[in-house]
Amino acid sequence: MDETNLKKLTTEEKVTILEKEIARVEGRIGEFLGLLVHHYPQGLTRTEIKALLAVNNNQSFVSLYRNGNIFIDIEKRYCDAAQENRYFIGTQYLHNVQCFRWVNAW
């Protein structure tokens, strides 16, 4: 059994895996996902995302969020400090990658 496949993924490994996964996504949705990966594991608020991507209305933001969620899970959690939701790359995809590695190690 290969011990390297059983170790937990480091943050750098996670970012690399996420970058490869979202590389296939183009356009504004790709920019949105790239922004979330760039700030992984911290999330960004709606205000921060709208400013960084020059999104000027809520309908456009909701569309980015909804469509980005098709490619990779995006978690939304309320942040007391910012008094608004923060958006994060979810854990499901990385969990699946880790489980796949463990299964292949057996």
Side-chain angles (χ1 to χ4, degrees):
M1 184 168 20
D2 184 4
E3 291 298 320
T4 59
N5 285 333
L6 294 178
K7 68 179 177 66
K8 291 215 179 250
L9 296 170
T10 65
T11 301
E12 293 79 21
E13 290 172 319
K14 290 177 183 180
V15 169
T16 302
I17 291 167
L18 290 170
E19 286 172 341
K20 287 179 184 175
E21 177 64 16
I22 65 157
R24 62 192 173 99
V25 184
E26 298 175 350
R28 296 291 280 170
I29 299 164
E31 291 176 27
F32 171 64
L33 294 176
L35 188 63
L36 291 179
V37 169
H38 180 72
H39 286 88
Y40 181 84
Q42 292 81 25
L44 293 169
T45 65
R46 177 187 296 236
T47 305
E48 292 167 333
I49 294 168
K50 286 172 70 174
L52 291 168
L53 292 180
V55 174
N56 54 9
N57 61 48
N58 283 332
Q59 291 85 355
S60 296
F61 176 82
V62 169
S63 178
L64 285 174
Y65 170 67
R66 182 186 63 237
N67 292 326
N69 219 5
I70 292 169
F71 294 99
I72 197 160
D73 61 315
I74 300 171
E75 295 178 7
K76 175 174 67 170
R77 290 181 243 152
Y78 188 76
C79 175
D80 288 328
Q83 296 293 307
E84 64 179 311
N85 288 322
R86 276 194 161 319
Y87 296 84
F88 301 83
I89 294 292
T91 58
Q92 187 60 49
Y93 179 74
L94 292 170
H95 178 73
N96 290 347
V97 168
Q98 184 69 65
C99 288
F100 181 76
R101 286 182 177 190
W102 286 342
V103 166
N104 284 336
W106 289 92

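Along the sequence shown, residues carry numbers from 1. Just so it is clear, the model here is predicted, and its values are computed rather than measured.
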Looking at residues at least two apart in the chain, or sitting in another chain, which of them share a ring-ring contact (aromatic ring centres under 6.0 Å, His included) with F61?
Y87

Check whether NZ of the Lys or CZ of the Arg R24 lies under 6.0 Å from the centre of the six-membered ring of F71 and within 45 degrees of that ring's axis.
no

Answer with yes or no whether the hydrophobic clustering places L36 together with I17; edges join I, L, V, M, F, W, Y residues whose side-chain heavy atoms lie under 4.5 Å apart.
yes

Enter the distance from [X]:[atom1] to [Y]:[atom2] here, rounded to the nearest 0.5 Å.
X	Y	atom1	atom2	result
N69	E75	CG	CD	9.5 Å
E84	T45	CD	OG1	4.0 Å
I22	E19	CD1	CD	7.0 Å
L35	L44	CG	CG	5.0 Å

Side chain to side chain contact (heavy atoms under 4.5 Å, CB included) for K20 and T16? Distances and angles first, verdict last.
CA-CA 6 Å; K20 287 179 184 175; T16 302; 4.0 Å; yes

If you apply the rule side chain to side chain contact (heavy atoms under 4.5 Å, CB included), what do you find for R46 with V62, and how did you get there?
CA-CA 10 Å; R46 177 187 296 236; V62 169; 4.3 Å; yes

Taking all heavy atoms of [X] and all of [Y], pick out the closest pair and write down the distance.
X	Y	value
I74	L33	CD1-CD2, 3.8 Å
K76	Y65	CB-OH, 4.0 Å
V25	I29	CG1-CG2, 3.7 Å
V55	S60	CG1-CB, 3.6 Å
Y93	L18	CD2-CD2, 4.1 Å

Under a 3.5 Å distance rule, please check whether S63 uses its side chain to pair with a backbone N or O of Q59 as donor and acceptor.
no

Check step by step if side chain to side chain contact (heavy atoms under 4.5 Å, CB included) holds for I89 and H39.
CA-CA 9 Å; I89 294 292; H39 286 88; over 6 Å; no

Partners passing side chain to side chain donor-acceptor pair (under 3.5 Å) against Q92 (at least two apart in sequence or in another chain):
N96

Decide yes or no on side chain to side chain contact (heavy atoms under 4.5 Å, CB included) for L64 and I49, but give the supporting numbers first.
CA-CA 10 Å; L64 285 174; I49 294 168; 5.5 Å; no

All pairs passing side-chain hydrogen bond (donor to acceptor under 3.5 Å, both in side chains) where residues 26-36 contributes a residue, at least two apart
R28-E31

Side chain proximity check, E48 to R86, heavy atoms < 4.5 angstrom:
yes

